[in-house]
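Chain letters run A, B, ... following the sequence lines, proteins first and then strands; every chain starts at 1.
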There are 2 protein chains.
Amino acid sequence: MSAVDVVCAGAAITDILLQPVSREIFDADSYPLDQIKMTIGGDAINESTIISRLGHKVALLSMVGDDAAGMFIQDSCRRESIDASGLKVDPTIDTSINVGLVAADGERTFVTNRNGSLWKTQAADFDLSKLEGARLLSYASIFNNPLVDGTALVGIFAEAKRHGLTICADMIKPRLGETLDDVREALGYLDFFFPNRDEAALLTGCESLDDIADAFLACGVKNVVIKNGRHGCFVKTERQRFEVPAVPGVTAVDTTGAGDNFVGGFITCDPRRQADRRLREVRELDGGHLGPLDRRDDGREGSPSGTRRARTKLRLTRGMA
Amino acid sequence: MSAVDVVCAGAAITDILLQPVSREIFDADSYPLDQIKMTIGGDAINESTIISRLGHKVALLSMVGDDAAGMFIQDSCRRESIDASGLKVDPTIDTSINVGLVAADGERTFVTNRNGSLWKTQAADFDLSKLEGARLLSYASIFNNPLVDGTALVGIFAEAKRHGLTICADMIKPRLGETLDDVREALGYLDFFFPNRDEAALLTGCESLDDIADAFLACGVKNVVIKNGRHGCFVKTERQRFEVPAVPGVTAVDTTGAGDNFVGGFITCDPRRQADRRLREVRELDGGHLGPLDRRDDGREGSPSGTRRARTKLRLTRGMA
């Protein structure tokens, strides 16, 4: 039995941001910056970090090499109280290091290692025994580990379903030209899907939030939660739709990992405790037309894990459909 | 008493080489390479590694932060059997990470952290108690840790002299516009000085190898050994001068750390065992006009450590002047 509430499977890498840089970088022998730091990156470890900081027990399923970057990731798990017993260390692989070149205007290029751990991770590298006893699987993110394709995802999600977990996933832009058809069956397992608008539009070929959400609902996703940047998020299920605007008065200075933080917060929040305050905020902003936040609990029986709700200590946002 | 033969003081950092890259890197969101690896960098740890691999006991005096890059450096010392008991770990400092952008034509830019450990290392960070009982101090390299200025070097070298060590140093191009006058007194302590030709020409304002060497001899350096790239090296003392060409038949594919390797090999070689074979090679190449390789032992009494020679187990190249 796993002692964790949430299992996060997916990418755990290291990022090195070089900021600010420009094309003129190539004209100098040496280009000094005020800071160069190695930081944790990758959707699964980012989410794990937030979930752990929010007070929940989380296990990370990922793969790293037996090198400095891999040790850094393992150390970060220790510091953040993330269960890393399912983090595979493969001495034949280099841990992925992404070097971000960030221009003064915020535009960024990531130099990546196409033979790093991110690209070499396969479904078999995820220790699915960690699913046993957990309440929720968050896969972060579809397409991020290219070898974990649609078929592999079906295997992982079916195993999670067998254990009665709520299943969530985020996505990134396809790296290898994958289409919606490639992941259609896998999406059918999802209780919650958290694409951002650009990624979702690209994958579905749709433009409006409603059309995008409908395309995913047609695949069998139960709750589509589209992250819409500064506009907040858009939620659609078979029975309801609503938008939640971003919290006002916040100046975004760095959106790195913002989506991972959103998902980490979403899947660990307690809707009943938050709903009233949030609803008041929303009504003050938008005259109440977003409506159904106060009907969040509607239809919970539609969730496969709904019957377990009464026993949960971890108040996961689940069963919204 | 230190149990080491050589003490290497100076820079220990981490390098990340991005190769090949070009200006077009900024036109893409993602720029995949075949490999991105973190490697050891910095003259002192490079030299230490070679000296240890050549079978000698070596202690590294340097400073790193309490972070992933610093742990990588400490791990590398363990793997390479380098005594790291004099490697200071300062939790308030970020270990320097140099990101090298290498173009297809080999031209390279190093993006550096002007607040990293390299720039923050001071003479007081070097644990000079490690000099006790050692035979040779190699300072790698003058100007590389900018806060270790000429005055600081005099303090370090005077302490090494007090312990009877042979003193060697390499140099890099001045980072802060330092001049020969700034290090003149420090150079007076050197038994061996290993600049490369470009650096030496820049610092002395001289062009010919002889003039460059004379400028350093005038500062009190006993043996000037100028690394001259593909041409080999040029050696000059008060009493002799000769060139040693590079070993023929070698195609250089990467000169990173080549100078550090040269110095590591030079200070640990056994001239008496090598001289005959090397001399034969040299004569075959150049008709013997390089001459005095076979008189290497001439004038050894000119070296302050010459009188200790008979007792040395480690056969350091010393006392050539």
message: Need one label for B:R108: side chain, backbone, both or neither, based on atoms under 4.5 Å from any heavy atom in chain A.
response: backbone
field: Minimum side-chain heavy-atom gap B:K227-B:V263 below 4.5 Å
entry: yes
field: Closest-packed option against chain B by number of heavy-atom pairs under 4.5 Å, given A:A28, A:S96, A:G116, A:A103
entry: A:A28
- prompt: Taking all non-hydrogen atoms of both residues, which atom of A:R114 and which atom of A:W119 are closest, and how far apart?
  reply: O-CB, 3.3 Å
statement: Among A:I16, A:L101, A:V99, A:T109, the residue with the most heavy-atom pairs under 4.5 Å to chain B is A:T109
query: In terms of heavy-atom proximity below 4.5 Å to chain A, should B:I25 be classed as side chain, backbone, both, or neither?
result: both
Pairwise distance OG1(B:T204) to CG(B:D211) - rounded to 0.5 angstrom: 8.0 Å
task: Please state whether the side chain, the backbone, both or neither of A:D34 comes within less than 4.5 Å of a heavy atom of chain B.
output: both
- request: May I ask you to name which of B:Y31, B:F72, B:F26 has the most heavy-atom pairs under 4.5 Å with chain A?
  value: B:F26
message: Within a 6.0 Å radius of atom CG on B:D29, are there more than 12 heavy atoms belonging to other residues, nucleotides or ligands?
response: no
- prompt: For residues B:D83 and B:S85, is any side-chain donor paired with an opposing acceptor at under 3.5 Å?
  reply: yes
- request: Select one option (side chain, backbone, both, neither) describing which atoms of B:S22 are under 4.5 Å from chain A's heavy atoms.
  value: backbone
message: If I take atom OG from residue A:S30 and atom CG from residue B:N98, how far apart are they, to the nearest 0.5 angstrom?
response: 7.5 Å
field: Ion pair check, B:D94 and B:K120, cut-off under 4.0 Å
entry: no
message: Heavy-atom cut-off 4.5 Å, strictly under: side chain, backbone, both or neither for B:N115 against chain A?
response: both
- prompt: With a 4.5 angstrom heavy-atom cut-off, which part of B:M71 approaches chain A: side chain, backbone, both or neither?
  reply: side chain
- request: Select, from A:R23, A:R175, A:K37, A:E24, the one with the greatest count of heavy-atom pairs under 4.5 Å involving chain B.
  value: A:R23
